[in-house]
Every structure is written in structure tokens, then in C-alpha cells.
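Below you'll find the structure, written out as C-alpha cells, and then a few comments.
Numbering of ligands and ligand atoms starts at 1, following listing order.
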Amino acid sequence: MKSSRSDLTTPVAGSTLAQMLNWAQVRGCPTLDAQLLLAGALQRPRSHLYAEPESVCPDAARDAFMAWIDRRVRGEPLAYITGEREFWSRRLQVTPDVLVPRPETELLVERALALCPPGPAQVLDLGTGSGAVALALAIERPAWRITATDASPAALAVAAGNARTLDVRNCEFVSGSWYEPVPGRRFELIVSNPPYIAPGDPALADPALRHEPQSALVSPPDGLTALREIIVGARGHLVAGGALALEHGNDQGPAVAEMLVRAGFSHVRSHADLAGHPRVTEARMPQ
Ligand code: GLN
């Protein structure tokens with residue numbers, strides 16, 4: 001008979017699902033992550049783990065699960081291990097070439113939807129990464145034409161793949177830094193979740209962030225350079241009355257608002273995320 005020691009040491013052939021989960025937790029993997037990874041390894045819904053905790057884990061699923069738990073406890077984001085993350089109720093493919101979409105970025109989508117009427121409009125998403133924001137907007141507003149840029153061709157490939165999977169046709173992806181791929185074009189709405197962390201910020205010590213593309217997270221030297229470039233460039237790429245919405249760090253609201261006012265924008269306003277942190281600041285180009 002298996003002793004309970006198999007819960008603590010390497011799972012053996014014949015281990016049950018409950019024992020596999022217990023082993024993962026003892027190794028320091030959060031319960032929900034362990035459940036999601038075991039369900040993924042078994043290619044069953046998570047409810048299966050509750051329905052049949054005493055069923056034996058097949059060898060192939062056990063091997064996959066153990067390798068994944070190993071990666072997870074070393075800090076790799078769950079989304080890179082499973083290759084997907086939900087954003088705005090859609091499943092997106094993600095790779096280490098793109099930032100893992102964050103729940104707080106849904107606030108950027110909400111503000112963008114509120115800032116521009118649902119009729120035909122040209123919309124620009126700068127630094128699209130996985131395409132999370134651009135695709136959410138494209139799906140919510142079929143009449144909008146979204147242009148999404150990114151300096152990373154690898155990220156654009158991920159975004160374009162997501163557009164295909166979600167059957168999004170009103171979004172184009174173009175390669176280049178910020179406004180570089182759209183010279184002379186003007187938009188009704190510009191959105192961006194740019195890199196905004198300063199080098200040396202203690203937040204970067206988080207093991208999850210160390211697995212993400214630094215170019216999507218860090219903006220030297222002060223965390224505000226990308227935001228500044230986007231704000232300055234927006235003057236030449238918005239129509240009169242057009243709107244700009246930017247995600248930023250939880251202590252950057254006043255600095256972003258000040259840059260917008262100094263650049264001549266009106267209707268400058270910051271919005272708090274679900275954690276209560278100012279996370280998105282918006283503004284309008286004067287008429
Ligand atoms: N919100 C992310 C974080 O703090 C950073 C994303 C970004 O820099 N755009 O982990």
C-alpha cells in the first residue's frame with residue numbers, strides 16, 4: 001500500500017489526483033495553479049479533480065504535471081506554461097515574447113469603449129503585445145478599424161495568431177516603434193499599455209516579471225519615457241476632439257496628467273483599477 005509519504009516525495013505510478021495535488025502544494029505551488037495545471041495535463045475540466053479525486057493519474061499526465069509544477073515553483077507565470085490567458089472573456093495565446101495580459105488592463109478597454117462612439121472610427125493601439133486590448137476593442141466595436149503596432153515582430157506574430165483564432169477582421173498589425181508604422185495618419189482614439197516600470201524598481205524582483213519581456217515592462221530611466229513619447233506623438237496623430245487613454249503605474253497618475261496638460265490636452269482624468277490604484281489616465285485633443 002502507498003504510504004502518505006508519496007504525498008511528499010516524488011509521485012509514483014498509481015498516485016491519485018488528490019495525491020498529485022497534495023504533492024504540488026507541498027512543493028509550494030498555489031492550490032488554484034496546481035489544479036489548473038493538473039486539469040490541463042489531464043485535458044479535463046477542473047471539476048474533474050473534485051469529481052474523482054481518488055482516480056489514478058495516468059503516467060503521461062503525471063510526467064507533464066510534474067515538469068509544469070517544477071517550472072511554476074521556479075516563478076514562471078502560469079500563462080507561459082499553459083500557453084494561454086483569458087482577457088476580456090476571450091482566451092488568448094501567450095508566449096514569453098509578450099506580456100501576460102493583466103486584469104487591470106481591462107480598465108483601459110473600458111475607458112476606450114467609453115471615450116469613442118461605436119460608429120466607424122480609426123483606432124490605434126500602441127505596443128499591442130498579445131493583441132489583448134486591440135482585439136477586445138475590435139470585438140466590442142465591429143465598426144471600428146483598429147491599427148495595432150509593436151516594435152517586436154515576435155509579439156506581432158502572437159497578436160496576429162490571436163486575431164485569426166478569434167476571427168477578428170477589423171484589426172491590422174504593423175511593425176515598428178510607437179507611431180513609426182503610421183506616419184501622417186490620424187485617429188479618433190489612441191490607446192496604449194506601454195512599459196512603465198523604472199529600472200531598479202523593487203517590483204521587478206517578482207519572479208514572474210523576470211520571465212516577461214523586459215522591453216514590455218521597463219522604460220528607462222524613470223519609467224515615464226514611453227508614456228512621454230506617446231503623449232508627445234499623439235498631438236500629430238489624433239483628430240481634433242480625439243481621445244487618448246494610457247495605462248500607467250499606480251503612482252504615475254499625477255505625472256501622466258501633468259504631461260498631458262503640458263502637451264495641450266483637455267479633459268484630463270485618471271481612473272482607478274479594481275485595487276483602487278490610479279491606473280488609466282485619459283485626455284482629449286482640443287477641438
Ligand atoms: N502592470 C504591469 C506590472 O506592474 C506592468 C505592465 C507595463 O509595464 N505595461 O506588473
Side-chain angles (χ1 to χ4, degrees), residues 30 33 72 74-81 85-88 92 94-112 124-137 148-152 154-156 158-159 162 173 176-179 190-234 244-257 259-260 270-283:
D33 289 10
R72 185 69 192 98
R74 277 187 276 134
E76 192 169 339
L78 185 74
Y80 290 158
I81 300 172
R85 167 67 98 226
E86 193 170 301
F87 182 83
W88 203 259
L92 298 173
V94 295
T95 72
D97 291 314
V98 301
L99 203 69
V100 177
R102 309 282 206 271
E104 59 265 31
T105 301
E106 295 189 336
L107 175 63
L108 183 62
V109 176
E110 278 173 37
R111 291 315 307 156
L124 179 63
D125 175 28
L126 297 170
T128 197
S130 64
V133 171
L135 295 171
L137 296 178
T149 77
D150 206 291
S152 158
L156 283 179
V158 173
N162 281 322
F173 298 95
S177 176
W178 309 136
Y179 301 97
I190 297 175
V191 297
S192 184
N193 173 20
Y196 53 67
I197 302 177
D201 188 311
L204 292 168
D206 182 329
L209 266 58
R210 278 192 271 120
H211 287 82
E212 295 188 286
Q214 295 303 293
S215 61
L217 287 169
V218 184
S219 186
D222 59 354
L224 289 167
T225 302
L227 286 158
R228 192 177 294 117
E229 283 175 26
I230 290 168
I231 289 169
V232 169
L244 175 61
L246 299 168
E247 181 174 325
H248 51 70
N250 56 22
D251 56 355
Q252 292 173 327
V256 173
M259 289 192 284
L260 285 162
S270 292
H271 296 267
D273 62 18
L274 290 173
H277 300 129
R279 181 64 63 189
V280 171
T281 297
E282 66 196 31

*Can E104 and R111 be counted as an ion pair, charged N to O under 4.0 angstrom?*
no
For ligand 1, output the ligand-protein N/O contacts shorter than 3.5 angstrom; if there are none, return none.
residue	atom	partner	partner atom	Å
ligand 1	1 (N)	Y196	OH	2.8
ligand 1	8 (O)	Y196	N	3.3
ligand 1	8 (O)	L217	O	3.4
ligand 1	9 (N)	N193	OD1	2.8
ligand 1	9 (N)	P194	O	2.7
ligand 1	10 (O)	R102	NH2	2.8

*Would S192 and E247 count as a side-chain hydrogen bond (donor to acceptor under 3.5 Å, both in side chains) if you check the C-alpha gap in whole Å, the side-chain angles of each, and the deciding distance to 0.1 Å?*
CA-CA 6 Å; S192 184; E247 181 174 325; over 6 Å; no
_Carboxylate-amine/guanidinium contact D222 R228, below 4.0 Å_ = yes
*Check whether any side-chain heavy atom of V100 sits under 4.5 Å from a side-chain heavy atom of Y80, and report yes or no.*
yes
_A side-chain contact here means heavy atoms from C-beta on lying under 4.5 Å apart; do H271 and L107 qualify?_
yes
_Sidechain-backbone polar pair: N162 side chain, S130 backbone, donor-acceptor under 3.5 Å_ = yes
